[in-house]
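Have a look at the structure below before the remarks.
In this text, all values refer to a predicted model and were calculated from it rather than measured experimentally. So that the names make sense, note that chain A is the first sequence line, chain B the second, and so on, each numbered from 1.
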4 protein chains.
Amino acid sequence: MGAVKSKRVPRAVREQQMMDAAVLTFARRGYRAASMDEIAEVAGVSKPLVYLYLNSKDELFSAVIRRESEALVAAVTAAVEPGAPADRQLWSGLKGFFAHTTENPDGWAVLHQQARTQGEPFAREVAAMRAEIMTFVTALIGAAAKEAGCDGELADREVSALAHALVGAAESLAEWVNTGTDEGTSGERERPAPRDTAATLMNFAWAGLGRLIGGGRWSPEG
Amino acid sequence: MGAVKSKRVPRAVREQQMMDAAVLTFARRGYRAASMDEIAEVAGVSKPLVYLYLNSKDELFSAVIRRESEALVAAVTAAVEPGAPADRQLWSGLKGFFAHTTENPDGWAVLHQQARTQGEPFAREVAAMRAEIMTFVTALIGAAAKEAGCDGELADREVSALAHALVGAAESLAEWVNTGTDEGTSGERERPAPRDTAATLMNFAWAGLGRLIGGGRWSPEG
Amino acid sequence: MGAVKSKRVPRAVREQQMMDAAVLTFARRGYRAASMDEIAEVAGVSKPLVYLYLNSKDELFSAVIRRESEALVAAVTAAVEPGAPADRQLWSGLKGFFAHTTENPDGWAVLHQQARTQGEPFAREVAAMRAEIMTFVTALIGAAAKEAGCDGELADREVSALAHALVGAAESLAEWVNTGTDEGTSGERERPAPRDTAATLMNFAWAGLGRLIGGGRWSPEG
Amino acid sequence: MGAVKSKRVPRAVREQQMMDAAVLTFARRGYRAASMDEIAEVAGVSKPLVYLYLNSKDELFSAVIRRESEALVAAVTAAVEPGAPADRQLWSGLKGFFAHTTENPDGWAVLHQQARTQGEPFAREVAAMRAEIMTFVTALIGAAAKEAGCDGELADREVSALAHALVGAAESLAEWVNTGTDEGTSGERERPAPRDTAATLMNFAWAGLGRLIGGGRWSPEG
DNA sequence: CATGAATGAGGTTTCATTCAT
DNA sequence: TATGAATGAAACCTCATTCAT
């Protein structure tokens with residue numbers, strides 16, 4: 001088992017192989033249950049080499065979190081058109097997000113399921129990345145409000161809450177869409193295209209936000 | 001550390017003490033990192049007693065998941081008014097959800113962060129509970145559509161997606177609202193009341209759904 | 001599971017019930033693997049009661065060894081006719097031995113398989129019983145030699161060796177005839193009668209010993 | 001206690017050292033009472049290394065049983081002269097058996113006392129080895145009968161019984177001869193030579209069998 | 001007479017990590 | 001660059017045994 005043995009590989013390449021193996025193993029087993037033995041075997045190298053390059057399980061996990069976080073942020077960032085209106089930026093960002101998580105489910109699982117649940121310092125690292133995205137989304141919502149001319153009517157706190165709701169909705173959909181009949185040989189439920197998932201979420205969110213921004217309010221007394 | 005020592009307690013009581021300790025410890029450390037030693041110490045009993053009553057770490061975790069799942073579903077169920085219109089049911093359900101997760105953050109953390117990431121069979125148990133809630137929300141969205149007279153215009157798959165988005169948004173808000181300056185003795189950021197969180201989410205969601213149901217659609221080409 | 005609950009039983013009776021349960025459990029599981037929990041459950045009493053009457057696992061095991069040893073020696077002793085010729089005494093003793101081990105296989109298993117393999121002090125207790133039998137057999141062989149008029153031609157050491165060989169042969173046969181298709185519902189191999197097993201061994205042994213000693217052929221009818 | 005520390009030993013060598021330590025410890029304490037801690041200490045290595053190489057206590061015990069069984073069968077097999085008459089084959093086989101068990105008393109104790117009393121699957125492994133020897137002995141008895149021209153007069157079942165008696169006698173003698181004043185520094189009772197033990201048993205057995213079969217007297221000098 | 005409640009001690013097993021080559 | 005050999009520490013779990021009622 002494990003990758004094909006190939007000797008004398010440059011360090012940078014070997015490190016990536018190890019991190020690929022780590023992503024796979026952490027996603028499958030969880031941080032604690034994943035053993036360095038298994039990671040080394042999946043990577044096709046000996047355990048001491050993993051330690052030589054990545055120093056410790058903690059540092060390996062941190063490195064994985066960093067790499068996957070940066071890849072996700074890069075994918076989303078690359079997808080948005082900087083100068084476009086807020087709604088278009090959100091739309092393209094969501095497309096990028098769903099595309100990346102669909103193509104890279106193990107990396108997403110490590111970030112979303114594992115890193116966040118392992119306490120400090122890992123939770124902080126992924127929280128920082130999430131905060132970055134949250135800031136971006138918060139800014140977009142603020143910008144949209146401004147574009148609609150309702151500047152100041154939404155408290156900062158409320159805008160933050162909306163951003164959290166929106167990001168949470170996206171995460172939930174990403175998990176729903178990419179989870180499921182993995183091993184089902186027959187009847188493999190086809191996953192919706194990232195574009196369709198993004199459209200569904202935009203419809204849900206934007207119509208709501210549009211109303212909010214435009215004045216229509218639901219009320220508990222209603 | 002550890003609860004006050006109280007000797008010779010009836011089994012049923014001790015079991016609840018142990019499960020309380022387990023919820024606390026699993027929430028703090030995660031399933032794998034929580035040791036039976038620590039759980040026993042927090043419960044104020046010896047380790048063998050934990051095994052005598054709860055049999056194994058796996059069974060203890062399962063018992064915790066079951067207890068917390070049922071408590072959450074009961075809280076939400078008790079909050080909704082069965083005969084009311086869909087929007088009112090959703091509103092009261094969300095209030096119940098945020099109230100319960102705010103009062104019981106450790107239980108929620110075990111369900112949402114730990115159980116879902118520990119693979120089979122734990123993930124399945126929470127998934128079943130989540131599916132129950134998802135079914136309820138899905139039915140409410142369908143009912144709302146029917147009340148608005150747009151029966152059939154939303155595909156089942158799309159209604160499911162909207163339910164997943166809504167539940168994900170609620171989960172994200174629950175985490176956001178209840179997380180944070182736990183240890184900060186001073187400057188304790190005040191948590192919003194469950195009612196306000198529910199209202200924010202209802203505004204976000206319902207205005208959006210209202211638009212959708214009423215016909216207004218955001219479009220990527222727009 | 002376990003015996004029917006019957007309260008307020010006199011101590012002597014309860015002790016026998018417990019020892020019966022212990023024999024069964026020690027035979028099934030071995031000394032170390034048998035737990036006091038299981039013994040108490042099989043006996044139909046609570047664990048503290050076992051300790052109240054039998055004091056400890058070691059003492060319980062010792063008591064079992066003593067009881068079963070005495071029962072075996074008593075069975076063999078009761079079978080032999082004290083004044084008869086040596087060959088008849090051996091023949092009747094073997095019949096008694098095979099009859100007792102066939103009727104009481106668990107007790108025999110505890111003595112032969114468990115007690116002898118658990119080191120001190122248990123091995124010594126059963127060794128003492130075995131030595132008693134060995135002394136008896138040695139005396140019989142000596143007596144037979146004297147009866148045949150070849151007194152002194154066999155060294156004491158050789159007579160002892162012959163006794164060990166004979167007893168070992170008997171033990172091997174006892175295990176062979178009583179072991180086997182326990183659970184086989186169909187095709188239950190019928191066990192030979194103790195009398196036939198004894199006859200086979202007597203023919204094997206006595207013809208050999210008779211030749212060695214110089215005497216005539218032994219026969220069960222003789 | 002513990003062997004001399006020798007670091008960085010090849011795996012094959014270490015495995016044999018561990019199995020030697022295991023034989024010693026299982027023989028002294030019994031399977032259950034022997035702890036992996038003690039085995040590792042006797043072997044002069046740390047416990048994890050024992051697990052790394054032998055996987056578990058069960059597998060270690062099985063490996064020991066296999067090694068000692070094969071050694072015993074090999075010793076007996078190597079001792080017999082294949083083409084010789086039945087009595088000579090039995091004689092040389094017994095010499096080989098007593099020589100091996102005398103030289104290797106711990107291995108014999110593990111096979112005869114421990115493995116057979118630990119239930120499945122260990123009992124089965126040693127039972128298979130014993131059955132192999134029993135088959136060999138049974139064949140020899142049958143061959144001797146044929147050589148003496150009394151083919152068919154002994155029922156198969158009776159021949160089997162005789163083989164069991166003979167093997168049991170040998171086992172009993174092996175235990176008697178090799179047991180005893182182990183720790184007695186002074187007055188160490190001298191053990192009889194394997195050759196003498198074999199001669200005693202042959203005289204006991206063959207004279208008996210010879211009479212039964214109708215043939216002449218067996219003699220080690222013959 | 002009898003038991004539900006409770007534990008100290010010790011068992012097997014795993015794992016992150018290092019050393020010597 | 002790369003690895004076979006080795007271990008300290010700690011995890012889960014069991015069991016003989018006792019106390020208080």
Nearest-Å distance, CD1 (C:I39) to P (F:dT14)?
18 Å

Please work out whether the ring planes of B:F61 and B:F122 are parallel, tilted or perpendicular, with thresholds of 30° and 60°.
perpendicular

Atom pair distance, as rounded to whole Å: CG in D:L54 and C1' in E:dT12:
14 Å

Would you indicate which nucleotide in E:dT3, E:dT7, E:dT12 comes nearest to any side-chain atom of C:V45?
E:dT3

Of the nucleotides F:dT7, F:dT3, F:dC12, which has the atom closest to the B:M36 side chain?
F:dC12

Whichever of B:S56 and D:Y53 has its nearest DNA chain F nucleotide further upstream toward 5':
D:Y53

Could you let me know what F:dT21 is paired to, Watson-Crick or G-U wobble, both distances under 3.5 Å, or none if it's on its own?
E:dA2

D:R14 vs F:dA6: side-chain N/O to OP1/OP2 distance below 4.0 Å
yes

Would you indicate which nucleotide in E:dA6, F:dC12, E:dA16 comes nearest to any side-chain atom of A:K47?
E:dA16

Rounded to whole Å, please give me the gap between CD in A:E41 and C1' in F:dT3.
15 Å

Taking for C:N55 and for B:N55 the nucleotide of DNA chain F with the nearest heavy atom, the one nearer the 5' end belongs to B:N55

Test: A:K57 cationic atom under 6.0 Å from A:Y31 six-membered ring centre, within 45° of axis
yes

Would you kindly say whether D:Q16 and D:R67 are connected by a side-chain donor-acceptor distance under 3.5 Å?
yes

Length of the line joining B:E59:CD and F:dT14:P, which is rounded to integer Å:
10 Å

Is there a side-chain contact between C:Y51 and the phosphate of E:dT3, meaning an N or O under 4.0 Å from OP1 or OP2?
no

Testing F:dC12, E:dA16, F:dT7 for proximity to the side chain of D:S46, the answer is F:dT7

Can you confirm whether more than 12 heavy atoms, excluding those of A:R28, are under 6.0 Å from its CZ atom?
no

Verify the distance criterion only: is there a donor paired with an acceptor across the side chains of D:E125 and D:S62 at less than 3.5 Å?
yes

Rounding to a whole Å, what distance do you find between C:E15:CD and E:dC1:C1'?
14 Å

Does any nucleotide pair with E:dT7 by Watson-Crick or G-U wobble geometry, both distances under 3.5 Å, and what is it?
F:dA16

Name the closest nucleotide to the A:L52 side chain, picking from E:dC1, F:dG8, F:dT1.
F:dT1

Under 4.0 Å, heavy atoms only, any strand: does A:R11 hit a base, just the sugar-phosphate, or nothing?
nothing

Provide, to the nearest angstrom, the distance between the NZ atom belonging to B:K57 and the C1' atom belonging to E:dT13.
14 Å

Round to a whole Å and report the spacing from OH of B:Y31 to C1' of F:dA11.
12 Å

Heavy atoms under 4.0 Å, any strand shown: does D:A34 hit a base, just sugar-phosphate, or nothing?
sugar-phosphate

Base, sugar-phosphate alone, or nothing: which one does B:A40 contact when heavy atoms must sit under 4.0 Å apart?
nothing

For DNA chain E, whose closest nucleotide is more 5', that of C:R32 or that of B:P48?
B:P48

B:A123 and B:E120 have their tightest heavy-atom pair at CB-OE2, 4.1 Å

Quickly work out the C:L60 CG to F:dT17 P distance and round it to whole Å.
10 Å

